[in-house]
**Student:** 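Take this structure, written in structure tokens, and hold onto it; I'll ask about it next.
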There are 2 protein chains.
Amino acid sequence: MPNDSSPRARAREQTMRDIVRIGRAHLATDGAAALSLRAVARDLGLVSSAVYRYVASRDELLTLLVVDGYDELGDAVDTALASVDPTDFAGRMTAIGRAVRGWGLAEPATYALLFGSPVPGYEAPAEQTTGSGVRVVGRLVEVWEDAWRAGAIAVDDEPLKPRRLSRDLARIRREMGLSVPEALIARGLFAWAALFGCVTWEVFGQYGTATFAEPADLFEQHLAALVESVGLA
Amino acid sequence: MPNDSSPRARAREQTMRDIVRIGRAHLATDGAAALSLRAVARDLGLVSSAVYRYVASRDELLTLLVVDGYDELGDAVDTALASVDPTDFAGRMTAIGRAVRGWGLAEPATYALLFGSPVPGYEAPAEQTTGSGVRVVGRLVEVWEDAWRAGAIAVDDEPLKPRRLSRDLARIRREMGLSVPEALIARGLFAWAALFGCVTWEVFGQYGTATFAEPADLFEQHLAALVESVGLA
DNA sequence: TCGATTGAGAGAGCACTGCTCTCGTTTTGA
DNA sequence: TCAAAACGAGAGCAGTGCTCTCTCAATCGA
């Protein structure tokens, strides 16, 4: 086993970084389905079989890019949150939404890899991706939890119907150590899915022929609806 | 030119139907990216080059499947609407939502083709797909328009800010001949994107490890939030 | 009815893909 | 110093989309 700081180990790390970098570039220009290990190898100046020393398969390269994407999105959200007053709960939620939209529009191919169609025959291995994948929703939950504790959210505190749903939500509440009521968890799950729905709609061009001078204006309206949907002022 | 009802023409139509049918089967089992003209040809008992007599390219087969999918989804929505009291506006909107979710869960691969990542290098030709693609949102608009005319929707009738957004919404209103106020158009666009966001989240498994005894229960909560978001009782 | 045109299918072939295997060469750690 | 490990190259297999040419049958006009 080579030492961690041996020339060979450092060269290996550099090659790994190059593979991810070139892979990201191909992803951005050609999309996930067209991502080719052979093309990455060519750009690296290697023969195709050589990259299999670093990446076990095309799917593993996809996993690397998935983790890379989740991390970058998480960083974008955290950066946006850094300049928001922590007691401005609606502002924090809005900032998260804007950050997700901004990153999605800037990196549509990676966004599609994370939130678009599952690549057939490929399932992102949970142990490698969930850690980075839950960062955004984690930040959202933090906002709702903080807002609830501060009494800034108006929502019913009664159990939802039917009881089996109430049980599931209560279990999630317990497992995550939350103090927000069940109804807010349900509303949070809605807001989470709806937020990405709005961003996906715009990134994938599903609005179709409807054109807007400044699409961000419409998104701000959507954000207001999202903030409203969880009972934030 | 062969007659429209000549044996050759009828055989050709049958072969076209077979191609779409087999293509749908492969789509369902292997996904869009793995859709292979050669495999379709094998299942048809033809050599690969022969199917090019019917379908110009793999992308054209995808287009056929896109149109087929939009039509099937539109039929599902129309069927669901047929058994709803037309004056029950919230019920109509709920029925549309349930139909979209039900179809998406039943046909995840086709759903992914329509609402997931755009296939790289492939853009669905608008002239062939938009006709079927706007059916669902068309039904939604009908509900909101009817509800507004019946006075069943509570929403501000003042122009939205900024003015450039107001102009765009007013233009859409004029072009579609709507009587609903601008704010309701914006809320409708939100509800549209959010609805498909919720369905996509479930079809693509983005809820992750959070499990529900009956996911439909959660979706019903989401539907309530959607109905609420457009100002319907 | 006959000849020309058209459509359909088969087969070969090109360039590409993911991936495996073997073969030398270089670097590493004991 | 030397065996082991890592590395890169190359060949090869099976699959892909797509094009080209060939043959044969169906169709249509005169």
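Every chain is numbered from 1, with letters handed out A, B, ... down the list of sequences.
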**Student:** Protein within reach of the bases, or only the backbone? For nucleotides 10-18 of chain C, mark each nucleotide 5' to 3' as B, S or -, using heavy atoms under 4.0 Å.
**Tutor:** BB-B---BB
**Student:** Expressed in angstrom and rounded to an integer, what is the separation of A:Asp59 atom CG from C:dC19 atom C1'?
**Tutor:** 12 Å
**Student:** Would you kindly give the CZ-to-P distance between A:Arg8 and C:dT27, to the nearest whole Å?
**Tutor:** 7 Å
**Student:** Taking all heavy atoms of A:Trp144 and all of A:Met93, pick out the closest pair and write down the distance.
**Tutor:** NE1-SD, 3.4 Å
**Student:** Please state how far atom CG in B:Leu62 lies from atom P in D:dG17, giving the value in whole angstrom units.
**Tutor:** 10 Å
**Student:** Over how many whole Å does the gap from A:Asp18 atom CG to D:dG8 atom P extend?
**Tutor:** 11 Å
**Student:** Are any of the side-chain nitrogens in A:Glu142 or A:Arg139 under 4.0 Å away from the carboxylate oxygens of its partner?
**Tutor:** yes
**Student:** If the plane angle is over 60° it's perpendicular, under 30° parallel, otherwise tilted; pick one for B:His222 and B:Tyr207.
**Tutor:** tilted
**Student:** Over 60° means perpendicular and under 30° means parallel, so classify the ring planes of B:Phe115 and B:Tyr70, tilted if in between.
**Tutor:** perpendicular
**Student:** May I have the distance from B:Leu61 (atom CG) to D:dC18 (atom P), rounded to whole angstrom?
**Tutor:** 10 Å
**Student:** Looking just at side-chain N and O atoms, do B:Asp217 and B:Gln221 make a donor-acceptor pair shorter than 3.5 Å?
**Tutor:** no
**Student:** What integer distance in Å separates A:Met16:CE from D:dC7:P?
**Tutor:** 11 Å
**Student:** For A:Ala80 and A:Ala95, which heavy atoms make the closest approach, and how far apart are they?
**Tutor:** CB-O, 4.0 Å
**Student:** Could you tell me how far apart B:Arg10 (CZ) and D:dA26 (C1') are, to the nearest whole angstrom?
**Tutor:** 14 Å
